[in-house]
Q: 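I have a structure here, written as structure tokens, and I will follow up with some questions on it.
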2 protein chains.
Amino acid sequence: MSKYLSRSVQDYLKAIYSMAQHKAGLIQTTEIADRLTTSPASVTDMIKKLAAKDLVDYTPYKGVKLTKPGLKVATELIRSHRLWEVFLVEKLGYDWGDVHEIAEQLEHVVSDDLTDRLAAFLGHPSYDPHGDPIPDAQGRYRLSNRVLLSQLPRVDGLVKVQGLKTHTQDFTQYLDQLGIVLGTQLDLQGINAFDKSIRAQIAGTDLLIPASIASNLYVSTIQ
Amino acid sequence: MSKYLSRSVQDYLKAIYSMAQHKAGLIQTTEIADRLTTSPASVTDMIKKLAAKDLVDYTPYKGVKLTKPGLKVATELIRSHRLWEVFLVEKLGYDWGDVHEIAEQLEHVVSDDLTDRLAAFLGHPSYDPHGDPIPDAQGRYRLSNRVLLSQLPRVDGLVKVQGLKTHTQDFTQYLDQLGIVLGTQLDLQGINAFDKSIRAQIAGTDLLIPASIASNLYVSTIQ
DNA sequence: ATCAATAATTAGACATGTCTAAATATCTTT
DNA sequence: AAAGATATTTAGACATGTCTAATTATTGAT
């Protein structure tokens with residue numbers, strides 16, 4: 001029972017972690033397969049290995065759930081990933097839509113204190129360029145009071161863009177087109193019943209936000 | 001015939017490159033095996049794969065030599081490795097003896113322009129923390145006018161420490177003890193015939209440099 | 001409660017990179 | 001030039017992570 005975890009093992013843990021963020025209960029084989037674009041059979045294979053290493057609790061035919069050690073590994077990966085994203089955007093000048101793939105590789109670099117040193121160098125940021133919270137060295141983080149734009153109780157008044165639910169380039173490019181970045185203030189005017197698109201203003205300019213965007217954009221109300 | 005090269009393939013290319021720097025002619029199977037602490041049989045296996053990808057020229061029972069494409073890959077890896085070492089020392093505050101293992105992992109992160117952006121961020125350094133030259137984006141580099149301290153024609157006068165031949169932690173720690181860093185000026189006093197140790201002064205303080213150190217330290221004469 | 005649809009697992013295979021042991025080639029010495 | 005030493009290669013095996021096809025379990029609808 002070694003301490004080394006392969007890249008694959010790490011990717012599975014991270015995927016399970018992320019999926020558990022958005023859903024209660026066990027994570028199913030097929031969900032993981034879709035997420036990692038692999039076959040359900042491969043997922044079953046790997047899940048058994050993860051369970052043998054005590055990284056997940058596995059109930060055959062039902063699904064998996066991270067154990068405490070599994071959660072720790074996943075959290076460290078997420079922390080590393082998000083810190084590297086900050087580095088790539090802030091220090092190397094990348095666009096926020098271009099950093100995910102690179103951070104995906106950088107996060108797997110292992111070293112005792114690399115992540116902590118990187119955090120210190122970056123000034124211990126709390127959020128990554130997409131608005132996702134960065135866990136501290138103990139794995140703790142605070143999620144700002146955010147909600148999906150599509151799930152606001154009242155589509156009215158000022159809100160601030162706090163984060164993205166999906167991070168695909170298709171999505172960030174769309175946002176770039178609309179002129180929406182992290183921290184953008186939206187003055188909500190109302191919602192169109194027909195297609196659930198949302199009318200808003202950015203700095204006085206009218207804007208129509210499709211439901212597909214609204215359901216992937218986290219905002220917080222102002223005041 | 002894909003463009004993807006595994007971590008293993010990359011490690012082999014880099015090893016062959018480095019060994020070719022210190023020796024003319026073909027690199028032998030056993031040398032590579034020693035370098036990568038693997039078996040000669042495994043090296044033969046891998047060499048055939050490298051040859052199939054046109055990364056090395058392979059003469060059975062004789063040895064290998066990098067092809068032009070192989071040389072390009074190796075040079076890019078070396079460039080990336082050395083830039084990351086600069087980053088780790090200059091930005092994250094690592095000691096020069098602690099960065100090799102980490103850079104060994106970082107160098108394999110693939111991205112179109114990561115290396116170039118990193119170089120720009122660091123101010124296009126020409127040498128890494130051990131004094132090794134960093135190739136530019138075209139693979140060109142200049143080696144300063146340096147020679148091993150053990151091979152100086154005359155052990156006399158001022159020299160400046162320009163680089164290390166080996167990069168093991170044992171060696172860098174030894175240098176730290178002696179108070180020798182990159183750029184240190186040594187005032188050479190003479191050589192002891194008995195064991196080839198070298199008498200020198202650093203900032204007026206006497207120092208005895210064992211032959212084992214002298215044969216791994218590059219220096220340049222001053223004037 | 002049964003049947004069809006969906007989901008998950010097993011079986012058997014493959015690719016990559018590694019290994020040891022055995023066989024073969026090359027080199028060195030006389 | 002032959003023999004012993006050294007270096008290299010081949011043969012056969014194994015571990016990891018993946019796959020497809022076939023089988024089995026679970027779920028949802030009637």
Side-chain angles (χ1 to χ4, degrees), chain A residues 1-16 19-20 23-66 70 73-74 77 104-105 108 110, chain B residues 1-16 19-20 23-65 70 73-74 77 104-105 107-108 110:
Chain A
M1 197 71 8
S2 66
K3 210 178 173 319
Y4 168 77
L5 300 179
S6 74
R7 165 90 195 244
S8 256
V9 165
Q10 294 180 48
D11 285 338
Y12 272 89
L13 293 177
K14 210 160 48 96
I16 295 168
M19 294 160 81
K23 140 176 189 184
L26 298 181
I27 308 298
Q28 295 170 288
T29 304
T30 312
E31 294 178 83
I32 301 173
D34 287 347
R35 169 73 169 240
L36 298 177
T37 50
T38 185
S39 71
S42 302
V43 174
T44 302
D45 288 345
M46 178 56 96
I47 277 176
K48 287 195 245 172
K49 291 171 191 165
L50 297 180
K53 289 184 203 286
D54 190 34
L55 294 166
V56 297
D57 286 329
Y58 171 44
T59 314
Y61 291 101
K62 299 297 181 176
V64 293
K65 178 178 161 328
L66 290 179
V73 172
L77 285 168
E104 201 71 18
Q105 300 176 65
H108 297 290
V110 297
Chain B
M1 194 71 9
S2 66
K3 207 176 175 317
Y4 167 77
L5 300 178
S6 73
R7 163 91 195 243
S8 257
V9 165
Q10 294 179 47
D11 285 339
Y12 272 89
L13 293 176
K14 210 162 48 98
I16 295 167
M19 294 160 82
K23 145 180 185 183
L26 298 181
I27 308 298
Q28 294 171 291
T29 303
T30 311
E31 294 178 83
I32 300 173
D34 287 347
R35 169 73 170 240
L36 298 177
T37 50
T38 186
S39 70
S42 302
V43 174
T44 302
D45 289 345
M46 179 56 95
I47 277 175
K48 286 195 245 172
K49 292 170 191 165
L50 297 179
K53 289 182 202 286
D54 191 35
L55 294 166
V56 298
D57 286 329
Y58 170 43
T59 316
Y61 292 101
K62 300 298 180 175
V64 293
K65 180 176 160 331
V73 172
L77 285 168
E104 201 70 19
Q105 300 176 65
E107 75 190 10
H108 297 290
V110 297

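Every chain is numbered from 1, with letters handed out A, B, ... down the list of sequences. In what follows, every heavy atom counts, from backbone to side chain, and hydrogens, waters and symmetry copies are set aside.
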Q: Let me know the distance between CD of A/Q28 and P of D/dT27, rounded to the nearest Å.
A: 9 Å
Q: Looking at every strand, decide which applies to B/K62 at a 4.0 Å heavy-atom threshold: base, sugar-phosphate, or nothing.
A: sugar-phosphate
Q: Output the single nucleotide from D/dT16, C/dG17, D/dT9 whose closest atom is nearest the side chain of A/K49.
A: D/dT16
Q: In whole angstrom, give the distance that lies between atom CG of B/D34 and atom P of D/dA7.
A: 9 Å
Q: Closer than 4.0 angstrom, basic N to acidic O: yes or no for B/K14 and B/E104?
A: yes
Q: How do A/S6 and B/I47 order along DNA chain D: which one's closest nucleotide is nearer the 5' end?
A: B/I47
Q: Below 4.0 angstrom, N of the basic side chain to O of the carboxylate: do A/R7 and A/D11 qualify?
A: yes
Q: Could you tell me whether the side chain of B/T44 and the main chain of B/P40 form a donor-acceptor pair under 3.5 Å?
A: yes
Q: Would you tell me if any nitrogen or oxygen in the side chain of B/Y61 comes within less than 4.0 Å of OP1 or OP2 on D/dT10?
A: no
Q: Would you find a donor on one side and an acceptor on the other, under 3.5 Å apart, between the side chain of A/Q10 and the backbone of A/L77?
A: no
Q: Starting at atom CE of B/M46, determine the distance to atom P of D/dT10, rounded to an integer number of angstrom.
A: 16 Å
Q: Side chain of A/A41: nearest nucleotide among D/dG17, C/dT9, C/dT18?
A: C/dT9
Q: Determine yes or no for a side-chain-to-main-chain donor-acceptor pair under 3.5 angstrom, with A/Q28 supplying the side chain and A/K62 the backbone.
A: no
Q: Looking across every strand, which nucleic acid part, if any, lies under 4.0 Å from A/T44 by heavy atom: base, sugar-phosphate, or nothing?
A: base
Q: Given C/dT16, is OP1 or OP2 found less than 4.0 Å from the side-chain N or O atoms of B/Y12?
A: no
Q: Whole angstroms only, please: what is the CZ-P distance between A/R7 and D/dG17?
A: 13 Å
Q: Hey, does A/S39 reach any base, or is it just sugar-phosphate, or nothing, if we go heavy atoms under 4.0 Å?
A: base
Q: When you check the phosphate oxygens OP1 and OP2 of C/dT9, does a side-chain N or O of A/T29 lie under 4.0 Å from one of them?
A: yes
Q: Considering only side-chain heavy atoms of A/P40, which listed nucleotide, D/dT9, C/dT9, C/dC27, is closest?
A: C/dT9
Q: From the list D/dT9, D/dT18, C/dT9, which nucleotide is the closest neighbour of the side chain of A/D45?
A: D/dT18
Q: For C/dT18, take OP1 and OP2 only and decide whether either is under 4.0 Å from a side-chain N or O of B/S8.
A: yes
Q: Could you give the CG-to-P distance, from A/L50 to C/dT9, as a whole number of Å?
A: 13 Å
Q: Does OP1 or OP2 of C/dC19 have a side-chain N or O of B/S42 closer than 4.0 Å?
A: yes
Q: Compare side-chain N and O positions of A/T38 against OP1 and OP2 of D/dG17 and report whether any pair is under 4.0 Å apart.
A: no
Q: Are OP1 or OP2 of C/dT16 and a side-chain N or O of B/K53 less than 4.0 angstrom apart?
A: no
